[in-house]
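Here is the structure we will look at, set down as structure tokens.
Bear in mind the structure is a predicted one, so any value in this text is a computation, not a measurement.
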Amino acid sequence: MGRPRIVIVGAGFAGFHAARTLSRMSRNRADITVLNPTDYFLYVPLLPQVAAGVLEPRRVAVSLSAALPGVRLVLGEAGRVDLDARTVHFTGPEGDPGTLGYDRLVLAVGSVNKLLPVPGVAEHAHGFRGLPEALYLRDHVTRQMELAAAEDDPALRAARRTFVVVGAGYTGTEVAAHGKMYTDAQAHGLPPHHGTRPRWLLLDIAERVLPELDERLSRTADRALRDRGVEVRMGTSVKEATHEGVLLTDGGFVPTRTLVWCVGVRPDPLVESTGQDLERGRIVVDPYLQVPGRPEVFACGDAAAVPDAHHPGSFTPMTAQHAWRHGRIAAINVAASLGACARRPYRHRDLGFVVDLGGARAAANPLGLPLSGLPAAAVTRGYHLAAMPGNRVRVAADWLLGGALPRQAVQLGLVRSWSVPLDTASPELARVGGGPGGRSGGTCKDGEDGEDGKDGKDGKDGKDGKDSKGGKDGKDAADGAEGAEGESVTEIIDNTEKAQLAGAEPAPHTPAPAPETGSRSGRSGPGTGAKRPPETGRESVPNRSARRHSPRGPDPGPAAHHEHHPAPGPVKRADIPAEGDS
């Protein structure tokens, strides 16, 4: 009998630690394969520091090949899992289809941005789940500050220097805290304008900042944010997003060109294609992280509903701390299923939480001990260094240099608005080949192809680029649907002329390979897949292949983005304990 084949889908916290544990336990007696869209493990908790210029992007990206010796890495996006045939279908980075057979399968596909039915948000907001999104936000904020410094119109100048973050969980709180420090530092080197200092707003429908944590930590974070100048508005959220700004649920309107969406996460849609029982989008597993009725299949991390031993009847939250431990226990139980050891149920001890608020400010409760100020900052950074599987020296060096040298505020222009849509199901990858002309004629959300195109002011792009957000789905006629193989030269020229008339710089047309039949509406790039019917009380998950590769029909035109939508009012987030933003 040959060596058992173990396939791990996903290399986030759960998948990475499952692979590392199995690699150490197997001692080359099993073939371990990790299927992941990127060749690195992303340390998500430090993404806000990448967006704020504290850390360089590669510091939070740990090479999988270097960190997982003896593990085979396959680059690709999983499209469909055939549990009966014991195969995983995927699409490679160059569009080529592939299949992996397995004897044991670990599903650790993680989560994606959570969507809510708020008019205009999908077109005008960006999430914060992957490295491309962090790089885009860094460029976008830098660009807005520079354009504001050269702007003569006081109202537009103030709008450019206003930044709105929705969601006061871990991610949103840290983005607002670090972002305020970043723009304040940048403002020192730009021409001053009276009354137009950088303005940051943190919104949430919850009653307090960090509602998942102890009230003492919440008060610590709230005080640090307000001391820094962040406007914290609890009990308030976005009612409608437009090009000119955001309409709030309290009736106010905030002119802005920046809307960061950090309201939480939802499980990766791949788990829906398995046909197994789901709990709020997560695949149901037993205490040993096995899928009922499928003893060869394990699930962990944000994609799995793991019973919480300390709170019977509930499931562990979607946080990095749980995902890390899920991965280790899943690996042990995979080995146990092969006769290598005894299996172990998932139990956890709360180690506490840490929230980095920038500089010497933080909130932490290691082992239940509440800390604030410099002690909390030291514990927070020490925890991150200990938790990172690599790059520790480089991260520490960046922190030391950041304390002694001014931050570099430059635009690299590597990630465009249309390549990091909010409703993408693959936040770890920047969209390519679709061009900036999404659903409304081809402009970029913040105008990286031309800022402030709203009235053609500055002569750059139309409408401040808000229209290109539509490129998120790859549905754009400006460079053709990404999956359309036989687009004629005439169509390309016509669509390019339309994009130029709209004021945008069209992206190069890159024909994509034909979609793989049967690929999922998940991390499969050019794939197609099943779409799960919407559940009552939960947002439906869009079909990924339709988003990425299918035209939506006639372009509604720029006017469609300015029409008034009926506002649904505040959206209650009753799922805070179950859905996190690790």
Side-chain angles (χ1 to χ4, degrees), residues 44-60 125-128 130-150 157-168 170-193 196-203 221 224-232 256-262 355-362 377 380-381 384 395 397-415 417 420 446 448 451:
V44 178
L46 292 182
L47 273 184
Q49 298 192 30
V50 173
V54 177
L55 295 176
E56 289 303 310
R58 286 186 297 174
R59 304 296 186 255
V60 299
H126 282 288
F128 203 80
L131 195 55
E133 292 171 318
L135 290 173
Y136 165 76
L137 182 61
R138 181 173 170 176
D139 269 5
H140 172 74
V141 170
T142 303
R143 183 181 307 112
Q144 294 301 316
M145 291 292 293
E146 292 171 347
L147 289 171
R157 185 167 63 237
R160 289 197 181 282
R161 288 195 168 194
T162 299
F163 307 91
V164 178
V165 180
V166 184
Y170 300 107
T171 302
T173 298
E174 291 190 346
V175 167
H178 283 279
K180 186 63 165 65
M181 291 186 67
Y182 181 59
T183 54
D184 284 350
Q186 189 178 358
H188 287 307
L190 296 173
H193 291 286
T196 57
R197 300 294 298 172
R199 180 189 180 197
W200 284 78
L201 288 83
L202 179 62
L203 313 176
L225 290 168
R226 294 180 190 274
D227 289 347
R228 190 162 292 158
V230 177
E231 297 180 33
V232 180
T256 182
R257 295 295 183 270
T258 306
L259 179 59
V260 187
W261 194 252
C262 301
V355 182
D356 193 321
L357 301 174
R361 307 297 290 269
T380 297
R381 297 203 168 184
H384 287 316
V395 169
D398 274 6
W399 283 340
L400 291 174
L401 289 173
L405 300 175
R407 301 190 194 188
Q408 293 178 302
V410 294
Q411 300 178 51
L412 299 180
L414 300 178
V415 182
S417 173
V420 283
D446 66 322
E448 48 255 58
E451 278 292 343

Counting N and O atoms only, with roles assigned by atom type, does the side chain of T173 sit under 3.5 Å from a partner on the main chain of Y170, one being a donor and the other an acceptor?
no
Using modelled atom types and a 3.5 Å cut-off, is there a donor and acceptor pairing between side-chain atoms of Q144 and backbone atoms of V141?
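No, Q144 side chain to V141 backbone: no donor-acceptor pair under 3.5 Å.
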For a quick test of reading the model, state the closest non-hydrogen atom pair linking [X] to [Y] and the distance between them.
| X | Y | answer |
| --- | --- | --- |
| H178 | V54 | ND1-CG2, 4.3 Å |
| D139 | G413 | OD2-N, 2.6 Å |
| A377 | G359 | CB-O, 4.3 Å |
| L131 | V60 | CD1-CG2, 4.1 Å |
| V230 | A176 | CG2-O, 3.9 Å |

Neighbour count above 12 (heavy atom, 6.0 Å) for R226 CZ:
yes
Residues passing the side chain to side chain contact (heavy atoms under 4.5 Å, CB included) test with R361, sequence neighbours excluded, are A224, D227, R228, L357
Go through the structure and list residues passing side chain to side chain contact (heavy atoms under 4.5 Å, CB included) with E146, not counting sequence neighbours.
T142, Q186, Q411
Listed partners of [X] passing side chain to side chain donor-acceptor pair (under 3.5 Å), at least two apart:
| X | value |
| --- | --- |
| R407 | none |
| E174 | none |
| T162 | none |
| R381 | D356 |

Do you know which of [options] makes side-chain contact (heavy atoms from CB on, under 4.5 Å) with [X]?
| X | options | value |
| --- | --- | --- |
| L203 | V164, V232, L259 | V164 |
| L135 | L47, V415, L412 | V415 |
| V165 | L201, T171, V175, T258 | V175 |

Step by step, would you call L55 with V395 a side chain to side chain contact (heavy atoms under 4.5 Å, CB included)?
CA-CA 7 Å; L55 295 176; V395 169; 4.1 Å; yes
Do E133 and W261 pass the side chain to side chain contact (heavy atoms under 4.5 Å, CB included) test, and can you show the C-alpha distance, the side-chain angles, and the key distance before you say yes or no?
CA-CA 11 Å; E133 292 171 318; W261 194 252; over 6 Å; no
Parallel, tilted or perpendicular: which describes the rings of H126 and Y136, with under 30° parallel and over 60° perpendicular?
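The arrangement is tilted - the two ring planes meet at 30° to 60°.
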I'd like to know whether L46 forms a side chain to side chain contact (heavy atoms under 4.5 Å, CB included) with R59, so could you lay out the CA-CA distance, the side-chain angles of the two residues, the decisive distance to 0.1 Å, and finally the verdict.
CA-CA 9 Å; L46 292 182; R59 304 296 186 255; over 6 Å; no
Assess the residue pair Y182 and R138 against the criterion (side chain to side chain contact (heavy atoms under 4.5 Å, CB included)); give the C-alpha distance rounded to whole Å, side-chain angles, the decisive distance to 0.1 Å, and a yes or no.
CA-CA 9 Å; Y182 181 59; R138 181 173 170 176; 4.2 Å; yes
Separation of M145 CE from R161 CZ (nearest 0.5 Å):
4.0 Å
